[in-house]
Amino acid sequence: MRYSNMFIPTLRDVPADAEAISHILMLRAGFVRQLAAGLYIYLPLGWRVLNRINAIIREEMDAIGAQEISMPVLHPAEIWQQTGRWDAIGDEMFRLKDRSGRDMCLGMTHEEIMTWLASREIRSYRDLPQVWYQIQTKLRDEARPKSGILRTREFLMKDSYSFDASEEALEKNYTLHADAYHRIYERCGLRFFMVESDPGMMGGAVSHEFMAPSAAGEDEVAICSNCGYSANVELALSNPIRNEPVEMTREEVHTPEKRTILEVSRFLKLPASYFMKSILVMTDAGPVLALVRGDHDLHEKKLANVVGSHRPAQKTEVKEMLGIEAGFIGPMGHKVRIVADEALREGPFVSGANRPHYHIKGVSSADFEAEWHDIHVAKEGDLCAKCGGPLHVERVIEIGNIFKLGTKYSVPLKAVFLDESGQEKPIIMGSYGIGPARIAAAAIEQNNDKDGMVWPEGIAPFDVEILPLNVNDAKTMEVAEDLYRQLVEKKIDVLMDDREERAGVKFKDADLIGIPTQIVIGEKNLKEGLLEIKTRKTKETVKVKFEEAISHYLGR
RNA sequence: CGGGGCGUAGCGCAGCUUGGUAGCGCGCACGGUUCGGGACCGUGAAGUCGGAGGUUCAAAUCCUCUCGCCCCGACCA
């Protein structure tokens with residue numbers, strides 16, 4: 001491609017609305033433009049990147065025997081009603097009616113529709129296994145679109161679905177997907193982890209997420225460098241480092257107006273880990289007092305596994321149930337159910353004294369009756385629950401997930417088959433997603449410098465950019481055109497900046513766009529028969545004879 | 001949904017406190033000079049001041065409502 005024929009609207013200034021590095025660079029380098037909150041237009045360069053990522057995904061999916069198909073984006077409500085998700089999912093689903101008043105929705109994902117198809121077409125174990133995938137637009141009315149292309153309301157997703165006759169067969173497809181995902185992310189040049197993820201309320205199901213480390217991410221994972229344990233902090237198990245034992249005599253202390261752990265900790269000059277945090281939540285079965293250590297966060301989902309769904313109590317409810325205002329609650333002397341975190345087993349601690357403006361020192365687990373569970377969020381420095389090694393917590397972008405669904409969709413949608421003995425059984429399913437745009441964003445987040453993007457070779461919009469510095473110089477253009485022709489013949493994606501621009505402008509734009517290799521053709525070097533080959537990542541430049549440019553590039 | 005911030009030319013911003021009819025930089029067009037890291041000089045085009053209503057002789061500026069975009073939060077007592 002010739003630059004003069006391409007629409008690459010680069011920006012000198014940083015757009016005011018962008019915060020994440022990937023977002024800023026995608027706007028500045030002319031890869032995307034925003035239409036509305038969470039809706040993005042992909043310009044030629046951005047679209048080329050997505051297509052390259054999609055091509056890699058297709059190759060790897062095809063390689064594990066998955067078959068590409070395409071499903072509608074507009075769905076009839078009935079199918080979603082049959083699995084219960086029409087009601088289970090709230091405002092996140094775009095809903096509409098067609099002209100005859102029939103309820104419809106826009107697809108957030110395609111489990112229902114894929115399963116519907118399987119239910120009509122698959123009869124026998126001989127039809128199994130099947131793995132179907134598509135790269136299709138999904139629509140979700142996100143509560144809060146953010147970080148540019150990372151969380152949008154309309155996005156492309158590669159979603160595949162496996163249909164098997166047995167758990168063992170599902171396991172095989174699951175593993176095939178996990179392996180394929182590893183290859184895909186490697187080819188895309190990403191640093192990533194595969195971590196255990198929250199299987200959700202379904203229980204028994206297994207799922208993993210693929211996570212690319214980046215400050216722009218929305219999730220956190222806990223990683224043990226010792227044994228390799230890695231999990232989303234949403235479910236990561238960990239053993240907190242125990243407090244150094246201290247002498248603490250049992251006594252009430254006056255703590256006027258000191259309600260939060262931070263306030264009391266400062267007031268008593270004692271680290272937060274020596275405090276007991278008492279949090280009242282309301283469940284369907286009544287109030288529950290949750291206790292975690294002062295330096296820990298209560299893990300809502302871990303607690304939910306113990307007490308079921310719950311919500312935080314209102315201030316008035318706290319007063320009503322415990323007879324004390326929030327901020328001075330302690331675990332002693334209450335009749336409510338108490339769930340305490342394991343980290344509180346060995347005291348002593350400081351807790352609220354159940355008396356306004358007083359806390360009490362020297363509290364231990366002997367002072368109250370509780371059920372003991374891990375209900376805290378794993379944090380940096382905690383010890384691995386498996387091997388005791390130190391856990392490292394990292395912020396990440398979720399770039400894919402794989403999920404053992406079992407019969408969650410096949411049963412309600414009657415997707416069944418006859419096994420060898422003629423018995424009717426529900427198909428056992430898995431679903432597997434990848435967000436191509438998130439791969440692109442993560443690649444930028446992980447590979448950039450002050451001058452712009454630094455694309456990994458596998459997914460760059462072009463392989464090489466030729467920079468003829470003076471397009472009005474006949475010799476320069478002769479060499480540039482010759483190079484261009486040769487590279488195109490060799491099926492190398494090449495962009496030639498044939499614009500009548502000053503050298504500085506071309507350099508700046510080339511660095512911003514981040515194509516891995518730049519071939520610079522300047523008049524001075526040309527007089528000696530030389531041109532420059534520059535690596536974007538390292539900024540290293542080598543001068544080579546122009547007859548040797550191609551072979552040098554190919555052999556780099 | 002709760003909290004905060006911001007909407008003025010394509011982009012980045014000033015002007016608003018103290019009302020008097022809009023300006024700067026970049027970009028864009030044209031001419032000239034330049035020509036290896038976002039050139040310089042000159043000329044020029046381009047804005048319903050997010051929208052509606054109100055106050056006023058007069059509103060970008062004050063008041064009310066509304067729409068949009070961004071950020072934080074949506075368990076931590």
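Proteins get letters first, then strands, A, B, ... in listed order; numbering begins at 1 in each.
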Verdict with supporting geometry, Val471(A) and Met477(A), side-chain contact (heavy atoms from CB on, under 4.5 Å): CA-CA 6 Å; Val471(A) 297; Met477(A) 290 317 287; 3.9 Å; yes

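- Asn525(A) contributes a side-chain N or O that forms a donor-acceptor pair with the base of rG36(B) under 3.5 Å.
- Rounded to whole Å, the separation between the P atoms of rC28(B) and rG23(B) comes to 23 Å.
- Seen from the ring of Trp80(A), Arg95(A) does not count as a face-on cation partner, given the 6.0 Å and 45° thresholds.
- Between Gln518(A) and Glu19(A), the residue whose closest nucleotide on RNA chain B is further toward the 5' end is Gln518(A).
- Using P as the reference atom, rA9(B) and rU48(B) are 9 Å apart when rounded to the nearest Å.
- As rounded to the nearest Å, rG12(B) and rG4(B) have P atoms that lie 25 Å from one another.
- Among the protein residues, Val14(A) comes within range of the sugar-phosphate backbone only, with heavy atoms under 4.0 Å from sugar or phosphate atoms but none that close to a base.
- Side-chain N/O atoms of Arg28(A) and base N/O atoms of rG38(B) include a donor-acceptor pair closer than 3.5 Å.
- rG53(B) and rC1(B): their P atoms are spaced 25 Å apart (whole Å).
- When atom types are taken as modelled, the side chain of Asn525(A) and the backbone of Gly522(A) share no donor-acceptor pair closer than 3.5 angstrom.
- Spacing between atom NE2 of His23(A) and atom P of rC71(B) amounts to 8 Å, rounded to whole angstrom units.
- Minimum atom distance to the side chain of Lys277(A) is reached by rA77(B), of the listed rG37(B), rA77(B), rC71(B).
- Nearer the 5' end of RNA chain B, as judged by each residue's closest nucleotide, is the contact made by Ala16(A), out of Ala16(A) and Ala36(A).
- Across all strands shown, rC35(B) forms no Watson-Crick or G-U wobble pair with both distances under 3.5 Å.
- Rounded to an integer number of Å, the gap from Asp511(A) CG to rG37(B) C1' is 8 Å.
- The partner of rU18(B) is absent, by the rule that a Watson-Crick or G-U pair needs both atom distances under 3.5 Å.
- Nucleotide rG5(B) holds its P atom 16 Å from the CG atom of Asp17(A), rounded to whole Å.
- Between the CZ atom of Arg144(A) and the P atom of rA74(B) there is a distance of 10 Å, given to the nearest Å.
- Counting distance only, with no hydrogens placed and no angle test, the side-chain atoms of Asp509(A) and the base atoms of rG38(B) include a donor-acceptor pair under 3.5 Å.
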Under the side-chain contact (heavy atoms from CB on, under 4.5 Å) criterion, do Arg48(A) and Met6(A) qualify, and how do the steps go? CA-CA 12 Å; Arg48(A) 287 183 72 95; Met6(A) 265 193 106; 4.1 Å; yes

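- Across all strands, Lys506(A) comes closer than 4.0 Å to no nucleic acid atom at all (heavy-atom distances).
- Among the heavy atoms of the strands lying under 4.0 Å from Ser147(A) are primed sugar atoms or P, OP1, OP2 only; no base atom is included.
- Lys534(A) comes within 4.0 angstrom of a nucleotide base, judged by non-hydrogen atoms across all strands.
- In this structure, Glu500(A) atom CD and rU34(B) atom C1' are separated by 13 Å, rounded to whole Å.
- If you look at His23(A) and Tyr40(A), their ring centroids are closer than 6.0 Å.
- Pair check for rA60(B) finds none; no Watson-Crick or G-U wobble contact set falls under 3.5 Å.
- Under the Watson-Crick or G-U wobble criterion, with both distances below 3.5 Å, rA77(B) has no partner in any strand shown.
- Closest contact between the side chain of Leu512(A) and the listed nucleotides rC76(B), rG38(B), rC72(B) involves rG38(B).
- With a cut-off of 3.5 Å on both Watson-Crick or G-U wobble distances, the partner of rA45(B) is given as none.
- Base pairing annotation: rG68(B) forms a Watson-Crick or G-U wobble pair with rC6(B), both donor-acceptor distances under 3.5 Å.
- A donor and an acceptor atom never sit less than 3.5 Å apart when one is taken from the side chain of Lys508(A) and the other from the base of rG36(B).
- From Thr517(A), atom OG1 reaches atom OH of Tyr553(A) across 4.5 Å, with rounding to the nearest 0.5 Å.
- What separates CD of Glu501(A) from C1' of rG37(B) is a distance of 13 Å, to the nearest Å.
- Looking at heavy-atom distances under 4.0 Å, Pro15(A) makes contact with sugar-phosphate atoms alone, never a base.
- Using atom C1' as the reference point in both rG47(B) and rA22(B), the two lie 9 Å apart (nearest Å).
- Atom CD of Gln34(A) and atom C1' of rC69(B) are 7 Å apart (whole Å).
- Here, rG51(B) and rA59(B) have their P atoms 15 Å apart, quoted to the whole Å.
- With rounding to whole Å, Arg12(A) atom CZ is found 4 Å from rG38(B) atom C1'.
- Ranking rG12(B), rA39(B), rC69(B) by closeness to the Ala37(A) side chain, first place goes to rC69(B).
- rU61(B) and rG20(B) are spaced 10 Å apart, taking the P atom of each and rounding to whole Å.
- When every heavy atom of Leu237(A) is checked against every heavy atom of Tyr229(A), the shortest pair comes out as N-OH, 3.1 Å.
- Separation of the P atoms belonging to rC11(B) and rG7(B) is 14 Å when rounded to the nearest angstrom.
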Stepwise, does the side-chain contact (heavy atoms from CB on, under 4.5 Å) test hold for Asn448(A) with Met453(A)? CA-CA 5 Å; Asn448(A) 67 80; Met453(A) 302 171 168; 5.6 Å; no

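- When both distances must be under 3.5 Å, the Watson-Crick or G-U wobble mate of rC24(B) is rG12(B).
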